[in-house]
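Heavy atoms only: backbone and side chains are in, while hydrogens, waters and symmetry mates are out. Numbered from 1 within each chain, the chains take letters A, B, ... in sequence-line order.
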Amino acid sequence: MSDKVRVRFAPSPTGGLHLGGVRTVLYNYLFAKHHGGDFILRIEDTDQSRFVEGAEDYIMECLKWCGIEPDESPAVGGPHAPYRQSERKESYREYAEKLVADGFAYYAFDTPQELEEMRANYKTAENPSPQYDNRLRTKMRNSLSLDAATVQQLIADGTPYVIRIKMPENETISFTDMIRGEVSFNTGNVDDKVLLKHDGMPTYHLAVVVDDHAMEITHAFRGEEWLPSAPVHLMLWRWLGWEERMPQWAHLPLILKPDGNGKLSKRDGDRLGFPVFAMNWTDPRTNEFTQGFRERGFLPEAFVNMLAMLGWNDGTEQEIYSMEELISAFSMDRVHKGGAKFDFEKAKWFNHEWIKRSGEERLLPDVKAVLERSGITGADDSYIKKVIGMVKERCTLLGDFAEQGRFFFIAPAVHDIDAIRAKWNGDKENFFAELQGVLGDLEDWSTASIEAAFKELATTLSIKPGELQLPFRIMLVGGKFGPTVFDIAEAIGKEDTLKRIAALPAVA
RNA sequence: GGCGCGUUGGUCAAUCGGUUAAGACGCUUCCCUUUCACGGAAGAAUGACGGGUUCGAUUCCCGUACGCGCUACCA
């Protein structure tokens with residue numbers, strides 16, 4: 001049991017769930033399930049000023065939509081509850097103090113203003129952003145530079161302070177990243193990160209180590225932006241005496257914006273017209289609305305599939321994977337090192353593929369919702385399924401079912417007369433006048449018999465059947481799209497077919 | 001500036017020293033279809049650059065360039 005794989009996704013509840021975030025969860029989940037392990041959701045809400053109402057529920061809803069169910073989470077609980085860091089506040093101070101006592105950390109009394117002054121004073125052309133590190137810490141107000149009595153007095157007076165890690169001056173520290181191989185740093189280049197904030201809350205650096213240890217996490221996967229602070233985490237694992245149980249790390253490549261360079265941001269989506277969040281999100285503080293993939297008409301299967309392939313492949317030509325297939329094929333060492341530019345066109349292709357491959361039953365609830373939103377209600381389920389089967393190959397997004405399916409339920413309000421006007425003539429007008437009678441007498445209302453009757457009349461009147469199909473389509477559909485006309489006539493029934501033929505406005 | 005990571009077609013990418021350098025998306029053309037799609041066929045890369053190592057480098061090493069990330073009492 002001690003070697004059971006345990007991974008976690010640890011978002012901070014500050015807003016909508018970004019594509020990159022979903023991919024990080026996905027890879028965590030796939031890895032855990034591939035190895036028969038557990039997937040834990042832990043909320044990293046250590047920054048009270050950034051807390052956003054509703055963000056936690058939103059994150060859980062996103063996971064649910066994607067088909068990812070945490071084995072342990074704030075909602076379902078688990079052996080290591082609580083799963084919110086704000087509720088674990090007490091445990092962090094103890095470890096921070098222990099590090100101070102052992103000489104691996106220290107109290108720092110510098111005020112925000114003093115820190116600002118330090119950065120301003122030491123800023124030079126060669127060093128535009130000086131950091132609080134082994135070179136500067138002796139010049140600041142902390143328990144390393146001040147004498148013990150002063151420190152005691154400061155604390156006794158209730159002076160706000162933080163606890164900072166004391167990074168070694170010159171040590172090489174390295175670890176093996178599961179996708180990058182060996183990565184090493186010199187500790188002297190790393191700053192003395194704050195571990196415990198003045199309000200008693202831990203920073204990410206302390207919390208991630210303490211909680212990963214407490215929750216027996218075996219593998220820790222996170223975005224590449226965390227790589228530079230890995231040495232801090234490594235030292236913490238060592239100094240807290242847990243090095244043997246440190247998880248294996250993997251730093252995932254970033255998802256980049258489609259044009260130019262840089263991390264994909266919500267802004268890019270707005271600018272280029274595609275979603276970046278998994279689901280719709282409205283920031284309760286600013287009321288700013290951001291569209292999600294779900295509401296844009298994506299199937300979760302496609303969304304997950306697309307994300308999985310953005311940075312990973314199993315070496316075969318397969319591109320379409322179900323969650324089950326992903327779980328069995330996934331491996332961290334086949335994840336790319338380099339970032340990938342997000343391509344919305346490819347994302348739509350995945351959705352299109354999933355719609356084509358999904359059964360009518362699977363699509364029914366989603367399509368029904370789409371139809372209802374466009375005013376088509378009360379239709380029979382089996383009829384909707386029939387329509388789905390007929391039009392799904394021309395639907396890229398779920399919303400497309402509204403336009404592609406509408407005429408199966410409602411006669412077209414407008415007709416694309418321009419499409420047929422040029423070739424319209426009295427013979428054709430006569431054909432359709434007679435067609436109403438022929439079709440009206442038809443007893444077997446099947447595609448084959450409708451088509452046969454249609455072509456027989458055309459032959460009788462010496463008109464090429466092919467030339468009559470487009471006008472017929474315009475009458476039934478209103479435009480130049482949709483399945484074979486005779487299938488449409490069969491589906492909408494004799495009565496509607498006759499009405500629509502009669503309803504075509506004068507072409508000439 | 002420092003530190004770290006990365007670099008195969010417009011994009012996603014295969015290749016674990018030896019191939020005509022796969023495949024997919026998108027694009028263009030064609031076939032199928034007198035609708036739109038689907039399906040099928042075809043077209044387009046001097047593997048960032050320069051050095052090595054090697055009988056042989058896209059694959060290994062070094063350098064350069066470029067890109068990105070980090071450089072907060074945010075995660």
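Protein atom CZ of A:Arg334 is 10 Å distant from nucleotide atom C1' of B:U15, rounded to whole Å. One can place CZ of A:Arg357 at 13 Å from P of B:C38, the figure rounded to the nearest angstrom. Taking atom CD of A:Glu56 as the reference point, atom C1' of B:A75 lies 16 Å away to the nearest angstrom. In this structure, CD1 of A:Ile163 is placed 20 Å from P of B:A72, rounded to the nearest angstrom. When rounded to the nearest whole Å, the span between CH2 of A:Trp354 and P of B:A24 equals 19 Å. As a whole-Å value, the separation of A:Glu467 CD from B:U33 P is 17 Å. Atom-to-atom, CH2 of A:Trp226 to P of B:A75 comes out at 7 Å; the value is rounded to the nearest Å. Counting to the nearest Å, the C1' atom of B:G2 and the CD atom of A:Gln131 are 8 Å from each other.
You'll find that the side chain of A:Lys197 is closest to B:A75, out of B:G26, B:A75, B:U35. Closest to the side chain of A:Pro112, out of B:C73, B:G1, B:C5, is B:C73. For A:Val183, whose side chain is taken as the heavy atoms from C-beta onward, the closest listed nucleotide among B:A75, B:U35, B:C5 is B:C5. Checked against B:C36, B:C73, B:G69, the side chain of A:Arg394 finds its nearest nucleotide in B:C36. The listed nucleotides are B:C73, B:C12, B:G69; the one nearest the side chain of A:Val162 is B:C73. Of the candidate nucleotides B:A75, B:C36, B:C38, B:C38 has the atom lying nearest to any side-chain atom of A:Glu393. In the set B:C3, B:G10, B:C73, B:G10 carries the atom at the smallest distance from any side-chain atom of A:Asp343. When distances are taken from the side chain of A:Asn189 to each of B:G2, B:G1, B:U35, the shortest belongs to B:G2. Here B:A14 is the nucleotide among B:A14, B:U71, B:C25 with the atom lying nearest to any side-chain atom of A:Asn313. When each of B:U35, B:G1, B:U34 is scored by its nearest atom to the side-chain atoms of A:Arg473, the top-ranked nucleotide is B:U35.
Taking 4.0 angstrom as the limit, A:Lys423 places none of its side-chain polar atoms (N or O) nearer than this to OP1 or OP2 of B:U34. For A:Thr46, a side-chain nitrogen or oxygen approaches OP1 or OP2 of B:A75 to under 4.0 Å.
B:U19 and B:U8 have their C1' atoms separated by 15 Å, given to the nearest Å. The C1' atoms of B:U71 and B:C60 are separated by 32 Å, rounded to the nearest whole Å. B:C61 and B:C70 are spaced 27 Å apart, taking the P atom of each and rounding to whole Å. Taking atom P on both B:U46 and B:G10, the two are 8 Å apart, rounded to the nearest angstrom. The C1' atoms of B:C55 and B:G67 are separated by 36 Å, rounded to the nearest whole Å. Nucleotides B:U33 and B:A44, compared at atom P, are 28 Å apart to the nearest Å. The gap from the C1' atom of B:C25 to that of B:A13 amounts to 11 Å, rounded to the nearest Å. Straight-line distance between the C1' atoms of B:U34 and B:G47: roughly 46 Å, to the nearest whole Å.
Remark: B:U28 base-pairs with B:A42; criterion is Watson-Crick or G-U wobble with both hydrogen-bond distances under 3.5 Å. Nucleotide B:C60 is matched to B:G52 when pairs are restricted to Watson-Crick or G-U wobble geometry with both distances under 3.5 angstrom. Base pairing of B:G9: no nucleotide in any strand meets the Watson-Crick or G-U wobble criterion (both distances under 3.5 Å). Of all nucleotides present, none satisfies the Watson-Crick or G-U wobble test against B:U34 with each distance under 3.5 Å. Pair assignment for B:G4 gives B:C68, based on Watson-Crick or G-U wobble hydrogen-bonding distances that are each under 3.5 Å. The pairing partner recorded for B:U15 is none, the criterion being a Watson-Crick or G-U wobble arrangement whose two distances lie under 3.5 angstrom. Nucleotide B:A22 is matched to nothing when pairs are restricted to Watson-Crick or G-U wobble geometry with both distances under 3.5 angstrom.
When heavy atoms are screened at a 4.0 angstrom cut-off, A:Arg135 is found touching no nucleic acid atom at all. If you check every strand for non-hydrogen atoms under 4.0 Å, A:Val391 touches nothing.
Nearest-nucleotide mapping onto RNA chain B: of A:Arg180 and A:Gly339, the residue sitting toward the 5' end is A:Arg180. Summary of the strand contacts: A:Pro258 and A:Asn261 both lie near RNA chain B, and taking for each the nucleotide with the nearest heavy atom, the more 5' one is attributed to A:Pro258.
A distance of 6.0 Å or more separates the ring centres of A:Phe9 and A:Phe221. Here A:Phe330 and A:Trp312 bring their ring centres to under 6.0 angstrom of each other. If you look at A:Trp354 and A:Phe298, their ring centroids are not closer than 6.0 Å. Ring to ring, A:Tyr321 and A:Phe350 are not that close: their centroids are 6.0 angstrom or more apart.
A heavy-atom distance below 4.5 Å is not found between the side chains of A:Arg135 and A:Glu169. Annotation: side chain of A:Ile384 is not in contact with side chain of A:Phe408 (no heavy-atom distance under 4.5 Å). Taking 4.5 Å as the limit, some side-chain heavy atom of A:Pro253 sits within range of a side-chain heavy atom of A:Arg23.
For B:A24, the base has a donor-acceptor partner in the side chain of A:Lys346 [N/O atoms by modelled type, under 3.5 angstrom].
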Item to check | Derivation of the ring pair (Phe, Tyr, Trp, His ring centres under 6.0 Å) call for A:Phe293 and A:Phe277 | outcome: CA-CA 6 Å; A:Phe293 276 86; A:Phe277 287 167; 9.9 Å; no

